[in-house]
Peer 1: 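Would you mind keeping the following structure in view while I ask a few things?
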Amino acid sequence: MRSVLMLCFLLTVGGFSTVSAQQSAIYTHQLSDFDKAIALYKDKQYQSAQILFERVKQDNTAEDVQADCAYYIANCAIHLNQNNADELMEKFVADHPTSSKTNQAYIEVAQYYFEQGKFPQALQYFDKVDESALTYEQTEKFTFQKGYAYFTAGNKKEATSYFNKVVNSKEYGSQAKYYLGFMAYEGDNYQEANKYFEQVSDEEKYKEKLSYFKADMHFKSGEFQKAIDAGLVAMPNSNASEKSELNKIIGESYFNLKQYDKALPYLKEYRGKKGKWSNTDYYQLGYTYYMQKDYENAILQFNKIIDGKDFVAQNGYYHLGECYFKTDKKQQALNAFKSASEMDFDKQIQEDANLNYAKLSYEIGNSYQSVPDVLSAFLAKYPNSPSKTEIETLLINSYITSKNYKDALTLLEKNNTEANKAAYQKVTFYRGIELYTDGNYKDALAMFKKSIATPRNEKFTARATFWKGETEYVLDNFNEALLSFKQFAGYAEAKNTPENKNINYNIAYAYFKQKEYSQAGDYFQSFIDANKDDRVRLNDAYLRLGDSRFVTSKYWPAMDAYNKAIEMKGIDADYAAFQKALSYGFVSRNDKKIEDFNKFLQNFKTSQYRDDALFELGNTYVAENKTDLAVKTYDQLLSEFKNGSFASKAVLRQGLVYYNAQKDEQAIAKFKKVAADYPRTPEALEAVSTARLIYMDNGKVDEYASWVRTLDFVEVSDAELDNDTYEAAEKQYLQNNTKQAISSLSGYVSKFPNGIHALKANFYLAQSYYADGLESNSVAGYEYVISKSRNEFTEQSLARLAEIHLKKSDYTKAAPILKRLETEADFPQNVTFAQANLMRVYYDQKDYANAVVYADKVLANPKTDNKVKSDAQIIVARAAIQVNDEVKARSAYAKLLTIAKGELAAEALYYDAYFKNKDGKYEESNKTVQKLAKDYSGYKYFGAKGLIVMAKNYYQMKDNFSATSILDSVIKNFASFEDVVAEAQTELDFIKGEAAKTNSSITE
């Protein structure tokens, strides 16, 4: 767009022809005043003349005098520049249409408007003038002024016609030629423009302007040196706006002559059109810096090219990519090359940009596409590229380095050639690890088997075999796991793998789970002998070694192992102390057993084995005939664990102590307490049975009968049938005949709903249904068990019920079951299970406060594995985000980052970048997003959100191109994530809106 540069000239109105007045003797006095007024008018005393004309007009009613006075009054008003001059003249024309002065009046009004610069109004009256009635002098002025009015109205055709009529005029010829030249210049008819400009070039008032026009015309004609010369001549006498344009002409001319050092100072001085630069302007200045190897300044200009969809933009983005690459800004370079590769204005630049985009994707990762996709796309588009071999090599390597194993596997299975077998083995192995980490064990096992079935690298074959064993172990296939672990140990390369240090530990556990305790103990010992640094596993190995020796009745070696675990003061030291004390009883050292259990009670006030210890201690006192201490210990147990699993047994034991001491009344009281407080339990049945003996011994059969009738779980008359029916059903259950067990146990429960064995029968029936895959049918049995007093099946039933409800996502039913399991469980893994799932249930129900409470419990448990800890940290973090507690969210995501794998790690990295952005650490934030793109490219959602953070970082770093190109790519590539696209669009609109204030090429 050219700026319109015009000369405005003061155009004066010429004189008027004198009009003679006819007079008669009657009007002598009045006409004398009229003549005086005319004389004043000719003497240019317009104010006095106007007053006198007004008086004559009032005193004389003659039509011709009235008309003449009206005309002159209006004419004086024009000369006096009075506001109503045009109205007076228009009124004259309207009131006196036949006056001889009408044509002159049209001229007067037109010229009045012309002098005021109101050219559209002037044209209206110029059009009414009868040109044939004008004098020669009037015609020249009229013609020029009307031509100029057309010129200002943009009607070049009419303007040219009128200017041509006065082109040879002495008074108006120069002006006409100038404007004819200017119109030719504007129409890019430089030959015609030059013709007219040459004719006025000697006139001083045109010289300055013509130098500018010549510079511009030479430039547009491709005569760059002439443009420079003319521009330098015009520069000193130009105004600020013209100097800006001349700087552009001179600078761009030097640019086109490839004299970049000379171009630079002029291009820098350009001020743009209305304060705005175009993409081309930014490109030229950027390229000038680029050619002088000033890459930082080149970047500052190139990255202002936004919304470009042409050859200039493609070039600009390509060279921007080069500048970024040369300054080691590889993420920005990738974005720039990507933009250049998506345009086809220059095919060679497009191919080169594609190549650089592919290679950088391999090097630093790519959040838009998987790296294998990028590399494969390049090979498909440019099959004959000189870089084909290099890209094929990168493609194979990218399967591993990109860690996008899922997509990589899809590509490899489509191209399962011999050359790709080694990569296929690695990818299936790593994909298996990924699936294992995410808890998808079935699919993980399939991956490990595929890796083993493609034995191209023995190290990976060995590792896949190890993890196959780990997966089989988790799936409770312990025998298969053992075989896999032993196969691993047999590989020569096994010793060079990170898994080798734990192989004896894993083999030991596989034996342990199959109850082959002797062999398990030997392997735990082998692990202990070779590993002293891994204190967590070492501590656990001592515990399991102790258990293995304990179960095989090797109590002294067991106690040695438990002692080692106690000395480590690690996890489960209380368990080791408990087992050690228990072991003394089996080597006939009850004195040491009593001593150690008392130490245990003193040292472990909150141990989960405390109730076990009290019960064992009480039993040992009984065995040692220290009955008073036994009763006292049972009382302590009941005081501390009123509703514990040993409560019913402790009261029963007290009753038996009294019974054996022939304290019948005290014994009966205890037995009745057991029956009343713990009905239907085995202890209650034993209590009734023993109480019967006392009543019989004392001849109080009626009293016994009266008491028993109050117990709804004892059906004395049906006892024999009850026992027979139950034993038959139990036999099927114990022999794992699930179908028959279900039938028999259902029959028993139906016949004896309150039978002697109702508790066991309901539990075994529930277990059978569960084993047969009829989980819904098992619910009633488990609910029966948990509805009764605490018993040996309560904990397992709670755990099963919780599991069933959780599988169905029935959190309303799951929550109270989990709450009970948390408080009633003896096994620590069940407490952990309950707390972990309560954490998830509360989070799902948007009860973030309770979700965090349970997450904190999970995290505080030293036995919690990393997978559950990751879940806990993510719930703490997400809950904190939901309630806008960013302080807690920061802390939780930071902790999560240290332990998380897979998608959780991707989420943690995203928030790490997010918080760094909020802290103004833009470079660090970008590095985190790059890590997210490179290491976790399979998790597209967080990759896309990370890109938005990166775009925000670049905007704050004044890199508009990188910001907008990233946001554009997010919108194009992640349409399935509507929330992400919406956020990206909002950011993009804002950035473009800001950039449009200085860039005329941007469409907001």
Peer 1: Looking at Asp844 and Arg840, is there a salt bridge between them, counting it only when a charged N and a carboxylate O are closer than 4.0 Å?
Peer 2: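 Answer for the salt bridge query: no.
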
Peer 1: Quick check against the 3.5 Å criterion: does Asn791 have a side-chain atom that pairs as donor or acceptor with the backbone of Ser789?
Peer 2: yes

Peer 1: What residues form a side-chain contact (heavy atoms from CB on, under 4.5 Å) with Asp596, not counting sequence neighbours?
Peer 2: Lys580, Ala581, Tyr584, Lys592, Lys599

Peer 1: So does Glu907 pair up with Arg878, basic N to acidic O under 4.0 Å?
Peer 2: yes

Peer 1: Do the rings of Phe448 and Phe429 sit parallel, tilted or perpendicular, given the 30° and 60° boundaries?
Peer 2: tilted

Peer 1: With a 4.0 Å cut-off on N to O distance, would you call Asp534 and Arg537 a salt bridge?
Peer 2: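 Salt bridge between Asp534 and Arg537, a charged N being under 4.0 Å from a carboxylate O: yes.
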
Peer 1: Does CG in Asp533 sit with more than 12 non-hydrogen atoms of other residues, nucleotides or ligands closer than 6.0 Å?
Peer 2: no

Peer 1: Which label fits Phe793 and Phe763: parallel for a plane angle under 30°, tilted from 30 to 60°, or perpendicular past 60°?
Peer 2: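 Aromatic pair Phe793/Phe763 classed parallel.
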
Peer 1: Sequence neighbours excluded, which residues qualify as side-chain contact (heavy atoms from CB on, under 4.5 Å) partners of Asn861?
Peer 2: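 In terms of side-chain contact (heavy atoms from CB on, under 4.5 Å), with neighbours along the sequence ignored, Asn861 is linked to Thr832, Lys863, Thr864.
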
Peer 1: Relative to the ring of Phe646, is the ring of Phe615 parallel (under 30°), tilted (30 to 60°) or perpendicular (over 60°)?
Peer 2: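 Rings of Phe615 and Phe646: parallel, as their planes differ by under 30°.
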
Peer 1: Is it possible for you to check whether Arg800 lies under 6.0 Å from the centre of the six-membered ring of Tyr770, through NZ or CZ, and within 45° of that ring's axis?
Peer 2: yes

Peer 1: How are the rings of Tyr893 and Phe915 set to each other: parallel, tilted or perpendicular (split at 30° and 60°)?
Peer 2: tilted

Peer 1: Checking Tyr848 side chain against Val876 main chain: does a donor-acceptor pair fall under 3.5 Å?
Peer 2: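 Not a single qualifying donor-acceptor pair exists.
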
Peer 1: Any salt bridge between Glu924 and Lys927, counting N to O under 4.0 Å?
Peer 2: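 Not counted as a salt bridge, because no side-chain N and carboxylate O are separated by less than 4.0 Å.
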
Peer 1: Would you please classify the geometry between the Tyr509 ring and the Phe512 ring as parallel, tilted or perpendicular, with 30° and 60° separating the classes?
Peer 2: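 Aromatic pair Phe512/Tyr509 classed perpendicular.
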
Peer 1: Would Lys564 and Glu567 pass as an ion pair if we require N to O under 4.0 Å?
Peer 2: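 No, this pair does not count.
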
Peer 1: Using 30° and 60° as the class boundaries, would you call the ring planes of Tyr609 and Tyr575 parallel, tilted or perpendicular?
Peer 2: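 If you compare the ring of Tyr609 with that of Tyr575, the planes turn out tilted.
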
